[in-house]
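Each chain gets a letter, A, B and so on, in the order its sequence line appears, and its residues count up from 1.
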2 protein chains.
Amino acid sequence: MTNSVPATGKRARLVAAACQAMHQQGVEKTTLADIAQAADVPLGNVYYYFKTKNDIVRAVIEAHLAEADAMLAAIEGAYPTPRARLKAVFSGLSEQSELIAEYGCPRGSLCTELDKRADGPEITAELMRVPLDWAARQFEAMGRPDARDLAVELLARYQGTALLANAFHDPGLMEREAARVAEWIDAV
Amino acid sequence: MTNSVPATGKRARLVAAACQAMHQQGVEKTTLADIAQAADVPLGNVYYYFKTKNDIVRAVIEAHLAEADAMLAAIEGAYPTPRARLKAVFSGLSEQSELIAEYGCPRGSLCTELDKRADGPEITAELMRVPLDWAARQFEAMGRPDARDLAVELLARYQGTALLANAFHDPGLMEREAARVAEWIDAV
DNA sequence: GTCTATAGCCAGATAGAC
DNA sequence: GTCTATCTGGCTATAGAC
């Protein structure tokens with residue numbers, strides 16, 4: 001390992017602060033000063049860890065990807081059947097309905113926003129590719145030849161519902177749709 | 001009518017330019033100079049029509065709402081049954097798959113972005129409420145007691161698919177899902 | 001490695017001549 | 001009503017002492 005983590009974990013604190021701030025305020029409106037203050041790091045010191053703001057964005061995406069990997073792996077370990085896994089993921093996501101109603105899906109809104117950024121990192125699409133591929137593998141394991149289509153439908157329903165729940169600031173909308181999606185997974 | 005429209009239609013040009021720029025670049029990254037230049041209006045003159053940037057955002061939303069109203073009214077006039085209307089709207093939307101793959105759904109990404117803006121206009125949610133209520137009325141006319149749930153599912157699928165098509169820059173994804181949604185409407 | 005001070009830039013908004 | 005010139009503030013990024 002070439003880079004040793006500073007004892008204080010400043011880098012980790014900065015990334016965590018950036019994740020939260022960018023989710024709540026959006027990428028563009030989040031300033032380096034916001035992040036530095038939330039992480040309790042002096043502004044100038046941020047540049048020791050990240051050369052540009054875009055590097056922070058990249059780190060935020062990578063943090064989301066790592067979290068998604070860990071979450072999906074944990075679910076695969078905990079549930080034996082693909083159907084149970086799919087339902088577990090979706091119910092886990094909709095437990096955050098309050099957060100989503102207030103600020104939207106952290107990964108979805110990041111995708112939407114970064115796509116308009118001329119210099120947005122190319123990894124952005126991974127935020128959707130990872131869960132999409134995972135869901136497609138589960139549907140394949142269920143023997144569905146249209147696994148990919150079903151995965152698209154599942155992810156689209158989640159993302160679209162998150163968008164609506166956020167627009168109306170209504171967590172109930174998210175929970176209601178989550179219940180209907182669970183029925184759908186059972187029926188597929 | 002208290003305000004007479006200037007003969008040159010500068011205001012209309014500004015709103016149209018703002019609509020396009022904000023769809024393509026996002027609200028935050030669109031500057032008044034961008035809008036003024038695209039509309040061929042000198043920068044300082046913009047402030048004669050709009051006191052603040054937020055006023056332009058409001059006008060953009062109102063333009064989208066007016067367009068949606070006109071579109072839905074036209075479809076209601078052209079198709080007799082609710083089922084045909086729902087399919088017509090959805091197929092109309094997915095004809096713009098190239099545009100959506102490049103920049104996302106104009107109304108969806110606007111909702112997502114404006115919700116993170118502290119001073120975002122309250123009308124924002126209308127962008128989703130109008131089509132949602134309209135779809136719910138169509139499902140009601142089909143005698144469905146769960147009309148509202150079905151409307152949420154329909155709009156969520158559209159918005160979610162638009163987000164994915166944009167993330168992957170894949171118009172085909174939008175078209176494929178549109179075809180599957182059409183089947184779903186027939187089966188409901 | 002850490003932090004202060006500040007450079008440099010660019011956006012939103014205004015003043016005021018015409 | 002129209003337009004030029006400019007003010008003001010905030011943000012990214014850097015310089016350089018410690």
Side-chain angles (χ1 to χ4, degrees), chain A residues 1-61 110 113-114 116-121, chain B residues 1-61 110 113-114 116-121:
Chain A
M1 191 165 308
T2 51
N3 281 342
S4 62
V5 177
T8 44
K10 282 193 185 178
R11 203 196 123 101
R13 285 209 317 273
L14 285 168
V15 173
C19 269
Q20 184 175 2
M22 287 179 179
H23 179 210
Q24 298 183 355
Q25 316 173 10
V27 175
E28 303 297 338
K29 299 214 75 149
T30 297
T31 69
L32 297 181
D34 288 339
I35 298 170
Q37 188 175 15
D40 200 34
V41 169
L43 177 54
N45 200 3
V46 171
Y47 287 90
Y48 175 74
Y49 296 96
F50 304 97
K51 289 206 198 313
T52 73
K53 182 174 177 180
N54 245 312
D55 283 350
I56 302 187
V57 172
R58 211 184 318 271
V60 164
I61 295 175
L110 202 52
E113 205 178 348
L114 287 180
K116 316 229 163 185
R117 214 177 151 96
D119 52 354
Chain B
M1 188 161 316
T2 50
N3 282 341
S4 63
V5 177
T8 44
K10 281 193 186 179
R11 201 197 124 100
R13 285 208 318 273
L14 285 168
V15 172
C19 270
Q20 185 174 0
M22 288 178 178
H23 179 210
Q24 298 183 355
Q25 316 172 11
V27 175
E28 302 297 338
K29 299 214 72 143
T30 297
T31 68
L32 298 180
D34 288 339
I35 298 169
Q37 187 175 16
D40 201 33
V41 169
L43 178 54
N45 200 4
V46 171
Y47 287 90
Y48 175 74
Y49 296 97
F50 304 96
K51 289 205 198 312
T52 74
K53 184 174 175 180
N54 245 315
D55 283 351
I56 302 187
V57 172
R58 211 184 318 271
V60 165
I61 294 175
L110 203 51
E113 206 178 348
L114 287 181
K116 317 229 162 186
R117 216 177 150 94
D119 51 354

*asked:* As a test of reading the structure: which of C:dG12, D:dC3, D:dA13 is closest to the side chain of B:Tyr47, going by heavy atoms?
replied: C:dG12

*Just how far, in rounded Å, is C1' of C:dT6 from CG of A:Asn45?*
17 Å

_My understanding is that only one of A:Val27, A:Val15, A:Thr30, A:Val46 makes a side-chain contact (heavy atoms from CB on, under 4.5 Å) with A:Ile56; could you say which?_
A:Val46

*Taking everything shown except B:Gln20 itself, do over 12 heavy atoms lie less than 6.0 Å from its CD?*
no

*Write down the distance between CG (B:Leu32) and C1' (D:dT4), rounded to a whole number of angstrom.*
16 Å

*Given that A:Lys51 and A:Lys29 both sit by DNA chain D, which one's nearest nucleotide is further toward the 5' end?*
A:Lys29

*Just compare D:dT2, C:dT2, C:dG12 and give me whichever is closest to any side-chain atom of A:Lys10.*
C:dT2

*B:Lys29 (side chain) donor-acceptor with B:Ala21 (main chain) under 3.5 angstrom*: no

*Distance in angstrom units between A:Asn54 CG and D:dA13 C1', rounded*: 13 Å

*Taking CD from A:Gln37 and C1' from D:dC11, how many angstroms apart are they, rounded to a whole number?*
15 Å

*Could you tell me the separation between the CG atom of B:Leu43 and the C1' atom of D:dC7, rounded to a whole number of Å?*
13 Å

*Just to confirm, is there a sub-4.0 Å distance from OP1 or OP2 of C:dT2 to any side-chain nitrogen or oxygen of A:Tyr49?*
yes

*Quick one: A:Asp119 CG to D:dT12 P, roughly how many Å, whole number?*
13 Å

_Between C1' on D:dT14 and CZ on A:Phe50, what's the gap in Å once rounded to a whole number?_
18 Å

*Nearest nucleotide by nearest heavy atom, which residue falls closer to the 5' end of DNA chain D, A:Asp34 or A:Gly44?*
A:Asp34

*Does OP1 or OP2 of C:dT2 have a side-chain N or O of A:Tyr48 closer than 4.0 Å?*
no

*Nearest 0.5 Å please: distance from the OG1 atom of A:Thr31 over to the CG atom of A:Leu43.*
8.0 Å

